Every structure is written in C-alpha cells, then in structure tokens.
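First up is the structure itself, then whatever we jot down about it.
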Amino acid sequence: MENDAWCHATQTFVFFFTINVWWLSKKMYICNLLNCLKLGECKTKYITAMDFIKVLLKLVGLAKEYIDESPKQAAPARQPRYEPRQEEPVVVEREKTAEEWEAYFREILSSEFSAYSVREKVPVTDIAGFANDEFKLYKKRPYQAYKAEWGQPYTFVLEKDGKAKGVVMLGNGHSHYNNVKYLIARVYAKKLGVPYINFYTQMENERGYVIGRIRKFLNGEA
C-alpha cells in the first residue's frame with residue numbers, strides 16, 4: 001500500500017513537472033526568438049533552448065522508467081517450489097499357496113517330462129505295499145518298525161511302463177528332515193530304489209533349477 005501511494009505521488013509530480021517544462025520551453029522559445037530578432041543571435045540562443053529542453057525530456061524519461069521498475073523491484077522474489085519426491089512403491093511378492101505350487105510343478109512335469117505319466121498325491125502303500133519295516137529315522141532313536149501307510153503321500157510320482165521311476169515331494173520348512181511322515185515316505189522310496197526328489201516351497205524354485213534337478217535324479221547323477 002505504501003509503495004502504491006508513493007508511485008501515485010511520483011506520477012502526479014512528473015505530470016505537473018512535464019506541463020511546467022513544456023510551458024517554460026515555449027516561453028523560452030518565444031523569448032529567444034524575440035532576442036534573435038533584436039540582437040541577431042537567433043541561432044545560438046535557439047540551440048541553447050533546445051538543448052535545455054532535451055535535458056528536461058531526458059529527465060522525464062528516466063523518471064518514468066524508474067516508476068515502471070519500482071513495482072518489479074518491490075515485489076518479493078518467488079521462492080522455488082520443490083515438489084516432494086514420490087518414492088516408488090515396494091512390491092512385496094506374495095507367497096504361493098500349496099495349490100499354486102502344485103500347479104506350478106504340474107505344468108513343468110507335463111511339459112518337460114512328457115515321456116513319463118504323472119500321478120498326484122500317491123499313498124506310500126501304492127509303491128511299497130503295506131510294509132512294516134524296521135529302520136532308524138533319528139540318530140537318537142533306536143531302530144523300530146514304521147508302517148508304510150504312515151508315510152506322507154507323494155506329491156507327484158513319475159511312472160513309465162507301470163513302474164515308479166521317480167518321486168517329486170513338496171514340503172515347507174524343515175518337513176523333509178523333521179516330519180516323521182516325510183521321513184517314512186523318503187525311506188520307503190529309497191528302499192525300493194526310486195529317486196526321491198524333494199523341493200522346499202519356501203524357496204524360489206526357479207523353473208530352470210527345478211528341471212535340472214529332476215533330470216539329474218532321473219539320470220542317476222544325484
């Protein structure tokens with residue numbers, strides 16, 4: 001508000017100052033013209049008057065420029081606006097369910113091992129019969145009898161010519177080595193000479209790794 005009032009006052013001053021200059025220049029021009037006629041010095045006096053008028057007009061122009069620039073100088077400088085950086089959302093991969101893992105391995109077995117027929121969730125007794133053999137599952141336990149029917153059903157069994165050629169067992173955590181049902185199923189498969197191929201579902205189990213590991217067991221390289 002104070003700056004606007006000052007500018008208005010300055011503009012008023014310049015207006016009246018310009019009117020006075022114009023009037024004085026006219027008056028000076030007339031006086032010099034009369035002196036020119038009387039004294040014969042018209043050229044010199046006229047040039048002096050015009051130079052004076054030019055100086056005054058220059059001052060008026062400078063004053064006008066100053067008035068035009070004053071609002072720009074008075075305006076506060078705008079601070080740069082910084083937009084907050086948006087962080088990329090973290091994508092958390094969801095763990096597969098048991099059904100999704102089974103579908104994943106089913107597709108691999110059917111596409112990469114088409115020479116075999118695949119059975120799912122096969123009871124241990126389908127391979128070992130209703131056996132009741134004695135063996136040692138834990139180091140700190142003695143030999144004892146474990147029935148085949150107690151074993152965890154095999155997730156997948158690869159067969160050829162009606163005989164089991166390999167077992168693919170899916171398990172979570174430490175079930176392959178701590179869960180007695182898994183241990184019984186593992187022992188009976190080995191007793192019959194059937195490759196037992198276990199996979200942990202808490203691992204990534206990339207496709208190439210799964211295919212390579214199954215082929216390794218089936219070829220007797222494991």
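The model shown is predicted, which means the values in this text are computed figures rather than measured ones.
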Just how far is it from atom [atom1] of [X] to atom [atom2] of [Y], taken to the nearest 0.5 Å?
X    : Y    : atom1 : atom2 : answer
L137 : Y146 : CG    : OH    : 4.0 Å
E120 : T155 : CD    : OG1   : 9.0 Å
D133 : Y143 : CG    : OH    : 12.5 Å
E204 : Y209 : CD    : OH    : 11.5 Å
Y154 : L170 : OH    : CG    : 14.0 Å

What are the two closest non-hydrogen atoms of [X] and [Y], and how far apart are they?
X    : Y    : result
K160 : Y116 : CE-CE2, 3.9 Å
L218 : G166 : CD2-CA, 4.1 Å
A145 : N132 : CB-OD1, 3.4 Å
A185 : M169 : CB-CE, 3.9 Å
K136 : R141 : CE-O, 2.8 Å
V194 : K165 : CG1-C, 4.2 Å

Counting C-beta onward and ignoring hydrogens, is there a side-chain heavy-atom pair between [X] and [Y] closer than 4.5 Å?
X    : Y    : value
Y188 : Y196 : no
V118 : L158 : yes
N172 : W101 : no
R213 : N198 : yes
N179 : Q152 : no
V210 : N205 : yes
E102 : K121 : yes
I214 : F199 : yes

Do we get K96 above Y104's six-membered ring, with its NZ or CZ under 6.0 Å from the centre and within 45° of the axis?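 Ring-cation test returns yes.
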R215 charged N/C atom sitting above F113 aromatic ring, 6.0 Å / 45°: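 Flagged: R215 positioned over aromatic ring of F113.
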Given 3.5 Å as the limit, does a donor-acceptor pair link the side chain of [X] with the main chain of [Y], or not?
X    : Y    : result
S110 : E107 : yes
K181 : I184 : no
T125 : A148 : no

Please check if atom CD in Q144 has more than 12 non-hydrogen atoms from other residues, nucleotides or ligands closer than 6.0 Å.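 More than 12 heavy atoms, drawn from other residues, nucleotides or ligands, come within 6.0 Å of this atom.
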